[in-house]
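Letters A, B, ... mirror the listed sequences (proteins, then strands); counts begin at 1.
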There are 2 protein chains.
Amino acid sequence: MRKIAESCEMKAGSLYYHFASKDQILTEVLNIGIQKVHAAVARSLSDAPAGATAIDKLKRAISGHLHTLLEYSSFTSANVRIFRQVPDEIQNSNLEVRRAYEALWDGFLQELQDAGELRNDVDPRSLRLMLIGALNATLEWFDPALGNISDLADRYADMLANGALKKGD
Amino acid sequence: MRKIAESCEMKAGSLYYHFASKDQILTEVLNIGIQKVHAAVARSLSDAPAGATAIDKLKRAISGHLHTLLEYSSFTSANVRIFRQVPDEIQNSNLEVRRAYEALWDGFLQELQDAGELRNDVDPRSLRLMLIGALNATLEWFDPALGNISDLADRYADMLANGALKKGD
DNA sequence: GGATATTTCTAACAAACGTTAGGTAGGAGG
DNA sequence: CCTCCTACCTAACGTTTGTTAGAAATATCC
C-alpha cells in the first residue's frame, strides 16, 4: 500500500479515502484488465466488414486482444501473475469477468467452425485456451516500445491459423 | 516461511537448517522447475528414432515439456507466477536457466527449418515464444487428474504444426 | 471571508513477516 | 555410557504490513 501510494504521489493512509481496502484495489485491477480486453475484442469483431474472411476475423480478434493487453499491461499482467494468490472471494469475482470474456471467444470460434472455417477436429475451447495462453504470455517478453503490436498480432494469427510447419507433412 | 514449514511438518525456524534464507528457497524452486522441464525435453528429443518426422519430434518435445511442467507444477507454476516479483538477483540466476532451456528449443526449431520442415516465413524464436507461452498456460487450467497429458500434447502439437483453420483459406 | 466539502496527512496500532541463536531430542560411533 | 553430530524447536527480535481515526490542507460555494 505504501508503494502504491508512492506511485500516486500520496501516502498509504490516503488510499483508504478512495478504496475500502487493499482487496478492493485488487478486485478492481484484476477485473478492469480483462474488461478492457473483452471490450476491445468485441469491438474488433463487430467492426469487421461483412465479407471478412476467417483469418481476417481471427487477426482482428487477436489484434484487439494484444493491443489492449499490452496497453493495460499494469492491469493485465497483474491478473496473469497474481490471480492464483489472491483471496477466494476476489478470485470468484474475477472468474465471472473471465468467463464472460471466454464466452465471447468460444462463441466466435464456434461460429467459425459452424461456417466450416475451423477444422472439425479442433475443439473451440481447446483452441481458445491455447490461444489466450499464447497471447497473454507476450506480457512477459514483448516490449511495445521496441516491437510493433500489429505485426505481432499478424504473425500470431498466421501461425495459429495456418500452423508453423510446411503444409504437406 | 511459516506456511512452507507447516507443509513440511516443521516450524519456520527449522527451515534455516536446510536453507540459508527464503531467497535461497525461491532460487531453488525457480531453477529446479525449469531444469526438470529442460532435461525432459532434451531426453524426448534425443530418444527420437532417426526417421522421426517433424511433427513426431514436435510432439515429443511438447509432450516432454507438458508432462514435466505439470508433474512439477509446484515448481513450474511458482516460476511462471512470481518470477517478476522476486529480487533482481534471483531473477538473474533464473534467467540463466531459462536461457539455456530456450536455446534448446531454438536449436531444435532451427534444425526443423534447416531441414525444410518449418515454414520459411516463421521465425523460430517467435514460434518458441508462442509455443512455450501456450504450453505454460496449461498450468492454470489443466487438471492432470481429469485429463490426459499425452492427448493434450498431441492436440497442441497438431494445432501448432498444422494450424486451427481448414487448409485452403 | 466564512462555512462546508473533499482530499490528504499523520501517528499509531496490531498482526504478520523473515530470521537468529541457543536449547532440545534423537541417532551414531567408540 | 559418553561424546558428537544431525535435525528440529523455541522464543524472541526488528522490520514490514494493512489499516484506522482524527487532524490538516485544499477546494468549492455562498
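- A:Leu15 has its CG atom 19 Å from the P atom of C:dT6, to the nearest Å.
- Side-chain atoms of A:Asp106 and A:Gln110 form no donor-acceptor pair, as typed in the model, at a separation below 3.5 Å.
- Between A:Met10 atom CE and C:dT10 atom C1' the separation is 15 Å, expressed in whole Å.
- Mapped onto DNA chain D by nearest heavy atom, A:Lys3 and A:Ser14 fall at different nucleotides, with A:Lys3 at the one closer to the 5' end.
- In this structure, B:Lys11 reaches the bases: a heavy-atom distance under 4.0 Å links it to at least one base atom across the strands shown.
- Look at A:Tyr17 and you'll find a side-chain N or O under 4.0 angstrom from OP1 or OP2 of C:dT7.
- For B:His38, the ring pair (Phe, Tyr, Trp, His ring centres under 6.0 Å) partners at least two apart in sequence or on another chain are B:Tyr101.
- In this model, a donor atom of one side chain and an acceptor atom of the other lie less than 3.5 Å apart for A:Asn31 and A:Ser93.
- Salt-bridge annotation for A:Asp121 and A:Arg119: present, with a side-chain N of the basic residue lying under 4.0 Å from a carboxylate O of the acidic one.
- A 4.0 Å heavy-atom criterion places the boundary nucleotides of DNA chain D facing chain A at D:dT17 to D:dT20, written 5' to 3'.
- One can place CZ of B:Phe19 at 15 Å from C1' of C:dT19, the figure rounded to the nearest angstrom.
- The distance from atom CE of A:Met1 to atom P of C:dT8 is 14 Å, rounded to the nearest whole Å.
- Straight-line distance from the CD atom of B:Gln24 to the C1' atom of C:dT19: 14 Å, rounded to whole Å.
- Rounded to whole Å, the distance from OH on B:Tyr16 to P on C:dG23 is 21 Å.
- Under 3.5 Å, the side chains of B:Arg98 and B:Asn79 contain a donor-acceptor pair of N or O atoms.
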